[in-house]
Asks: 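Sharing a structure, written as structure tokens. Questions coming.
Quick note: numbers below take in every heavy atom, side chains included, and nothing from hydrogens, waters or symmetry partners.
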Amino acid sequence: MAFVITSACRDEKAAECVEVCPVDCIHEGEDMYYIDPDICIDCGACESVCPVQAIYYEEDLPDEEKLYLEKAREFFASA
């Protein structure tokens, strides 16, 4: 399991999450940030500092935001 950055981040890109991540698993994409699910250690540091509440634990993703987990996987597969 991992944390996932969702639609509220699109074009916001505040980056507080990047600054607090202890394992550097958050990377900048063209229009939002992505969390590498293979590196994320589920510490929750990113979730607590996100100013737009865009970060969810994978199991708690609202149905309309579940596509962002796949977007993150695609982002890191193509990197």
Asks: State which residue, out of Cys43, Cys17, Cys40, Cys46, fulfils the side-chain contact (heavy atoms from CB on, under 4.5 Å) condition with Cys25.
Replies: Cys40
Asks: When hydrophobic residues are tied together by side-chain contacts of less than 4.5 Å, even through go-betweens, does Val20 share a cluster with Val18?
Replies: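 They do not share one cluster, since no chain of ILVMFWY contacts under 4.5 Å joins Val20 to Val18.
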Asks: Kindly give the heavy-atom pair with the smallest separation between Asp63 and Lys66, and that separation in Å.
Replies: OD1-NZ, 3.1 Å
Asks: For the pair Glu58 (side chain) and Val4 (backbone), establish whether a donor and an acceptor sit closer than 3.5 Å, ignoring hydrogens and angles.
Replies: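 Looks like no, no N/O pair under 3.5 Å.
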Asks: Is there a side-chain contact between Pro37 and Phe76 (heavy atoms, below 4.5 Å)?
Replies: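 Sidechains of Phe76 and Pro37: in contact.
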Asks: State which residue, out of Glu12, Arg10, Lys13, fulfils the side-chain contact (heavy atoms from CB on, under 4.5 Å) condition with Val52.
Replies: Glu12
Asks: Just by distance, do the side chain of Lys71 and the backbone of Thr6 share a donor-acceptor pair under 3.5 Å?
Replies: no
Asks: Any idea which heavy atoms bring Ile55 and Cys50 closest together, and the distance?
Replies: CD1-CB, 4.0 Å
Asks: Check the angle between the aromatic planes of Tyr57 and Phe3 and answer parallel, tilted or perpendicular using the 30° and 60° thresholds.
Replies: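 The arrangement is perpendicular - the two ring planes meet at more than 60°.
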Asks: Using 0.5 Å steps for rounding, measure from the CD1 atom of Ile5 to the NE2 atom of His27.
Replies: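 The distance works out to 10.5 Å.
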Asks: Roughly how far, to the nearest 0.5 Å, is CG of Asp36 from CG of Asp24?
Replies: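 The CG atom of Asp24 sits 11.5 Å away from the CG atom of Asp36.
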Asks: Measuring from Met32:CE to Glu30:CD, what's the distance to the nearest 0.5 Å?
Replies: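 One finds 12.0 Å between CE of Met32 and CD of Glu30.
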Asks: Can you tell me how far apart CD (Glu59) and CG (Leu69) are? Round to the nearest 0.5 Å.
Replies: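 Spacing of CD (Glu59) from CG (Leu69) equals 11.5 Å.
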Asks: Which heavy atom in Ala15 sits nearest to a heavy atom in Tyr33, and how many Å separate them?
Replies: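 The pair with the smallest heavy-atom distance is CB-OH, 3.4 Å.
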Asks: Closest heavy-atom contact between Gly29 and Phe75?
Replies: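 Minimum heavy-atom contact is CA-CE1, 3.7 Å.
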Asks: Roughly how far, to the nearest 0.5 Å, is the CZ atom of Arg73 from the CD1 atom of Ile35?
Replies: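 Between atom CD1 of Ile35 and atom CZ of Arg73 there are 12.5 Å.
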